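This report concerns only the one structure given below.
As the structure is a computational prediction, the values presented were derived from the model and not from experiment.
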Amino acid sequence: MSILDSIQAAEAEALLSKKAAAAKARDHLRDVERAAAQEAEALVEKAREQAREKVAAAEKEAVKKLEQLLAERAAGNDLLVEKALGRLGEAAGYIVGRVAG
């Protein structure tokens with residue numbers, strides 16, 4: 001084998017090695033991109049789940065506060081009704097006095 005043949009063979013081998021390395025690099029890059037996309041998807045899903053949990057907790061707290069407010073208002077209304085009923089006789093006497101008088 002001549003020196004020229006050796007050089008050409010080495011160049012051909014180098015070209016094959018270069019192509020193989022490029023293919024391996026593309027495959028690795030594709031694998032890394034796929035893994036990154038899966039990880040991003042998992043992070044997004046985790047964030048969505050956390051958001052759903054926070055919304056559910058906020059809704060539960062809002063319902064609790066609403067029930068508490070309604071109970072307070074109902075208690076206040078009951079007190080007003082009791083006061084009004086307590087003065088019902090007085091009001092009826094006043095009305096009868098005005099009508100009779």
Side-chain angles (χ1 to χ4, degrees):
M1 177 183 264
S2 72
I3 294 179
L4 183 58
D5 291 337
S6 295
I7 292 173
Q8 287 176 342
E11 286 176 343
E13 187 176 324
L15 183 60
L16 288 176
S17 292
K18 183 179 176 182
K19 287 181 180 181
K24 186 175 181 179
R26 279 192 307 273
D27 291 344
H28 182 67
L29 179 61
R30 186 178 22 233
D31 292 343
V32 169
E33 287 174 341
R34 186 178 305 125
Q38 289 174 343
E39 185 176 344
E41 179 86 20
L43 289 173
V44 167
E45 186 55 38
K46 183 177 179 181
R48 285 181 180 148
E49 182 60 31
Q50 289 173 343
R52 282 191 289 269
E53 289 172 1
K54 287 182 181 184
V55 167
E59 287 175 348
K60 186 176 180 181
E61 183 66 23
V63 167
K64 181 179 174 183
K65 286 183 179 184
L66 178 61
E67 288 173 348
Q68 183 180 10
L69 179 63
L70 290 174
E72 289 172 4
R73 292 225 173 132
N77 288 343
D78 290 345
L79 185 60
L80 289 175
V81 168
E82 283 181 39
K83 285 182 180 180
L85 288 175
R87 297 189 69 188
L88 188 58
E90 182 183 333
Y94 175 80
I95 293 171
V96 169
R98 295 289 284 172
V99 171

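- By the 4.0 Å N-to-carboxylate-O rule, R26 lies too far from E33 to be salt-bridged with it.
- A 6.0 Å sphere centred on CD1 of I3 holds no more than 12 heavy atoms belonging to other residues, nucleotides or ligands.
- The environment of CD in E45 is crowded: more than 12 heavy-atom neighbours from other residues, nucleotides or ligands sit within 6.0 Å.
- Proximity of E41 to V44: side-chain heavy atoms (C-beta onward) are nowhere separated by under 4.5 Å.
- For CD of E53, the number of neighbouring non-hydrogen atoms (other residues, nucleotides, ligands) closer than 6.0 Å is greater than 12.
- Each salt bridge (Lys or Arg N to Asp or Glu O under 4.0 Å) pair with one or both residues in residues 55-77, not counting sequence neighbours, would appear here, but there are none.
- Between K24 and D27 no salt bridge is recorded (no basic side-chain N to carboxylate O distance below 4.0 Å).
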